[in-house]
Amino acid sequence: MIDLRALRDNPDVVRASQVARGDDPALVDAALDADARRRASLAAFEELRAEQKAMGKQVAQAQGEEKQALLARTRHLAEEVKARSREAEEAAATLDATLWKISNVIDGAPSGGEDDYVVVKHVRTPRDFAAEGFEPRDHLALGEGLRAIDMARGAKVSGARFFFLTGIGARLELAILNAAMDQAIAAGFTPVITPTLVKPETMRGTGFLGAHADEIYRLEKDDLYLVGTSEVALAGYHADEIIDLADGPARYAGWSACYRREAGSAGRDTRGIIRVHQFHKVEMFSYCRPEDAAAEHQRLLGWEENMLALVDLPYRVIDTAAGDLGSSAARKFDCEAWLPTQNRWLELTSTSNCTTFQARRLGVRERTEDGSTRAVATLNGTLGTTRWIVAILENHQQADGSVRVPEGLRPYLGGLEVLEPVSG
RNA sequence: GGACGGGUGGCUGAGUGGAUGAAGGCGCUCGACUGCUAAUCGAGUAGUCGCCGUAACGGCGGCUCACGGGUUCGAAUCCCGUCCCGUCCGCCA
């Protein structure tokens, strides 16, 4: 949720942000209008309510006929107070509903849609397989050769976009996630294994129930949602709390399964494990002071890049355009690894600065020097996912279908240097 | 799933219809005292919304005693529903 006071003071900034995202700028005026009506009705109610309370005290002291006379008057007043209270509540609800529809104000993100990202940099050069003299296999061909990925049985048991990781595939996923966890711990993050089912208010608070609500699995019978990332649970972790950030950001590394319906992506990435309904992820999550958020964002990006260095992948960093940010993010950087068999870049990490947007929705605040409270900033970023297997297999494959294990990952695979195909 | 008991401020814990946003204690902050610390004494110590106002500090009012509804002139207190916690029983791993 955006800051109502900021909206009052600088409505043009919010309008411009909405336009840059391709969202509706008229929501700003609807909110301002609702705010004015709310304040007017609130003042009317408060005045009457104060009068009612004052008379209540007189009633308590009065005796006999005097008391009866007072009671006759207060009875009427009570009805009036109730009516005004309803009006004020309705006006507040209207304002609230409008405010919740407005996306976070962008902060530095390029204008435009999905294709209007800005490439920040490239790191490491993709291999030239033609020069090496062989046609690269895609991750599924490699994964099947290694007996690491089993799509057919995934479909048999659970349906399309489900899979089994077996043998070295299972070990490889654990290696990635454990390496990510170790790096996070070394950087001072508190490791957390989170719930993957959350209540509606938690899901709503993180901003995932807006335009992309179709992406989320819902258990109707229990009124719970399956999270698409542990960000959801970690954002809710400190909901309705006043936290202490005097010693720096509160940083958590969440390990969880992630569930996505992929409702709008029929036909996209149907081969292999690039786009699936369930995977695992280690996610960084940081609560920090609003003025530190931009710097913290760069730090999260830095830790993501450290992980990509650990697995020795060529990648680029993009500054995502406004229209492709989630509703909560003010700015987002993605790291995309090269996918040689498709001649394209594949998102492996994504780090968002949600500024105070999520925290305001979830009621996460800090105490300031002068004793008041204010919303904190929240940020998140990926440290490792199941999808990384795709990039690792394809980029480190060898002509015979074996795969070189990047050195950084070897300690997590018992020193294994090469993954060998299984014959038969 | 059934039966009880309970949810009050940062914590603990009183309050069972009338000036109680809430006693007492703990903790914390400030001050006094003491070579220092401790102890002691004094003062202060929830959040939020609105109105007024300042250079700054502020003043007034509304709301909040798990959440939602109801009764009443008036609810932390009575009634109903929901959620959560505890104990016991049952059931299933």
Side-chain angles (χ1 to χ4, degrees), chain A residues 1-9 11 31-100 102 194-205 218-225 232-233 236-247 250 287 289-290 356-376:
Chain A
M1 188 159 60
I2 55 161
D3 183 354
L4 178 58
R5 291 200 176 86
L7 180 80
R8 280 180 201 151
D9 295 343
L32 289 173
D33 186 57
D35 180 41
R37 279 186 283 120
R38 162 179 152 273
R39 285 193 280 173
S41 62
L42 197 58
F45 159 71
E46 288 181 358
E47 193 180 325
L48 275 174
R49 177 64 176 151
E51 188 184 344
Q52 182 189 33
K53 287 178 79 167
M55 290 192 74
K57 289 172 184 174
Q58 291 177 35
V59 171
Q61 290 178 332
Q63 298 291 326
E65 281 184 27
E66 190 193 353
K67 185 158 191 164
Q68 291 311 312
L70 280 170
L71 282 177
R73 284 168 57 198
T74 50
R75 237 176 289 253
H76 174 255
L77 191 56
E79 279 176 34
E80 189 72 3
V81 166
K82 197 165 282 184
R84 294 292 176 171
S85 166
R86 290 241 157 80
E87 279 173 29
E89 273 171 30
E90 281 167 21
T94 303
L95 171 63
D96 206 44
T98 310
L99 281 181
W100 276 67
I102 298 175
T194 69
T196 54
L197 284 166
V198 300
K199 296 195 224 177
E201 58 258 41
T202 305
M203 191 56 89
R204 206 178 305 122
R218 174 162 181 235
L219 303 191
E220 198 163 346
K221 206 168 180 180
D222 300 285
D223 203 16
L224 290 169
Y225 290 92
V232 177
Y237 187 68
H238 283 306
D240 298 319
E241 293 180 22
I242 296 172
I243 58 174
D244 185 2
L245 298 177
D247 299 327
Y287 297 88
R289 293 184 162 159
T356 57
F357 187 87
Q358 283 182 332
R360 194 168 288 109
R361 288 171 160 228
L362 289 163
V364 188
R365 297 168 295 164
E366 68 157 335
R367 184 84 55 190
T368 57
E369 299 265 321
D370 66 8
S372 61
T373 64
R374 64 167 180 173
V376 303

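In the text below, chain A, chain B and the rest are named by the order of the sequence lines, each starting its count at 1.
- Between B:G1 and B:A22, the distance separating the two C1' atoms is 39 Å to the nearest Å.
- Partners of A:Leu7 according to the side-chain contact (heavy atoms from CB on, under 4.5 Å) rule, which considers only residues two or more places apart in sequence or in another chain, are A:Ile2, A:Leu4, A:Val14, A:Val28, A:Ala31, A:Leu32, A:Leu99.
- Taking a pair as Watson-Crick or G-U with both hydrogen-bonding distances under 3.5 Å, the stems of three or more pairs touching RNA chain B are B:1-7 with B:83-89, B:10-12 with B:24-26, B:27-32 with B:40-45, B:46-52 with B:58-64, B:66-70 with B:78-82.
- Distances shorter than 4.0 Å separate some side-chain N or O of A:Gln52 from OP1 or OP2 on B:G74.
- Spacing of P atoms, B:A66 relative to B:A56, comes out at 39 Å, to the nearest Å.
- Taking atom C1' on both B:G47 and B:U8, the two are 15 Å apart, rounded to the nearest angstrom.
- Residues A:Met203 and A:Val232 form a side-chain contact, since some pair of their non-hydrogen atoms from C-beta on lies under 4.5 Å apart.
- Within the 3.5 Å criterion, the main-chain N or O of A:Val198 finds no donor-acceptor partner in the side chain of A:Thr202.
- By the 4.5 Å heavy-atom criterion applied to side chains, A:Leu224 and A:Arg218 are not counted as neighbours.
- The gap from the C1' atom of B:C11 to that of B:G7 amounts to 15 Å, rounded to the nearest Å.
- Atoms OH and CD, on A:Tyr287 and A:Glu241 in that order, are 7.5 Å from each other to the nearest 0.5 Å.
- Counting only residues at least two apart or on different chains, the salt bridge (Lys or Arg N to Asp or Glu O under 4.0 Å) pairs with a member in residues 85-94 of chain A are A:Arg84-A:Glu87.
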Would you tabulate the side-chain donor-acceptor contacts of residues 33-43 of chain A under 3.5 Å, counting partners in other chains and residues two or more places apart, or write 'none'?
from	atom 1	to	atom 2	distance (Å)
A:Asp33	OD2	A:Arg37	NE	3.3
A:Asp33	OD2	A:Arg37	NH2	3.3
A:Asp35	OD1	A:Arg8	NH2	3.2
A:Asp35	OD1	A:Arg38	NH1	2.8
A:Asp35	OD2	A:Arg8	NE	2.7
A:Asp35	OD2	A:Arg8	NH2	3.4
A:Asp35	OD2	A:Arg39	NH2	3.3
A:Ser41	OG	A:Arg37	O	3.2
A:Ser41	OG	A:Arg38	O	3.0

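- Annotation: B:G21 and B:C84 have their P atoms spaced 31 Å apart (nearest Å).
- With rounding to whole Å, A:Asp223 atom CG is found 15 Å from B:U82 atom P.
- Rounded to an integer number of Å, the gap from A:Met1 CE to B:C49 C1' is 13 Å.
- Close to B:G10, at under 4.0 Å from its OP1 or OP2, lies no side-chain N or O of A:Arg367.
- Legend: residues meeting ring pair (Phe, Tyr, Trp, His ring centres under 6.0 Å) with A:Phe45, ordered by chain and number and at least two apart, are absent.
- To the nearest angstrom, P of B:U29 lies 13 Å from CG of A:Asp244.
- In this structure, OG on A:Ser85 lies 10.5 Å from CD on A:Glu46, to the nearest 0.5 angstrom.
- Of the residues in residues 80-90 of chain A, those with a non-hydrogen atom less than 4.0 angstrom from any atom of RNA chain B are A:Lys82, A:Arg86.
- If you take CG on A:Asp3 and CG on A:Asp9, they are separated by 8.5 Å, rounding to the nearest 0.5 Å.
- Residues from residues 34-41 of chain A with heavy atoms under 4.0 angstrom of RNA chain B, sorted by number: A:Arg38, A:Arg39.
- Rounded to whole angstrom, the span from the CD atom of A:Glu79 across to the P atom of B:U72 amounts to 10 Å.
- Among the heavy atoms of the strands lying under 4.0 Å from A:Arg8 are primed sugar atoms or P, OP1, OP2 only; no base atom is included.
- Among residues two or more places apart in sequence or in another chain, the side chain to side chain donor-acceptor pair (under 3.5 Å) test is passed with A:Gln52 by A:Arg49.
- Comparing B:U71 with B:G59, their C1' atoms are spaced 36 Å from each other, to the whole Å.
- Following rounding to the nearest Å, A:Leu48 (CG) and B:C51 (C1') show an atom-to-atom distance of 15 Å.
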I'd like a table of atom pairs between the protein and nucleotides 59-62 of chain B - only N or O on both sides, under 3.5 Å - with the distance next to each one.
from	atom 1	to	atom 2	distance (Å)
B:G61	N2	A:Glu46	OE1	3.4
B:G61	N2	A:Glu46	OE2	3.2

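- For the P atom pair drawn from B:G61 and B:U77, the interatomic distance equals 24 Å after rounding to whole Å.
- Every side-chain contact (heavy atoms from CB on, under 4.5 Å) that A:Asp244 has, sequence neighbours left out, goes to A:Ala246.
- With sequence neighbours excluded, no residue forms a side chain to side chain donor-acceptor pair (under 3.5 Å) with A:Asp247.
- A:Asp240 has its CG atom 15 Å from the C1' atom of B:A46, to the nearest Å.
- The same atom, C1', is picked in B:A23 and in B:C85; the two are 26 Å apart, to the nearest Å.
- Residue-to-nucleotide proximity on RNA chain B shows that, of A:Leu4 and A:Ile242, the 5′-proximal contact is made by A:Ile242.
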Sequence neighbours left out, cut at 3.5 Å: what donor-acceptor pairs do the side chains of residues 357-366 of chain A make with other protein atoms?
from	atom 1	to	atom 2	distance (Å)
A:Gln358	OE1	A:Thr378	OG1	2.8
A:Gln358	NE2	A:Thr206	O	3.1
A:Gln358	NE2	A:Glu231	OE2	2.8
A:Arg360	NH1	A:Met1	O	3.0
A:Arg360	NH1	A:Thr356	OG1	3.2
A:Arg360	NH2	A:Thr356	OG1	3.1
A:Arg361	NH1	A:Arg204	O	2.8
A:Arg361	NH2	A:Trp100	O	2.9
A:Glu366	OE1	A:Arg289	NE	3.1
A:Glu366	OE2	A:Arg374	NE	2.9
A:Glu366	OE2	A:Arg374	NH2	2.8

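- When heavy atoms are screened at a 4.0 angstrom cut-off, A:Ala78 is found touching the sugar-phosphate backbone but no base atom.
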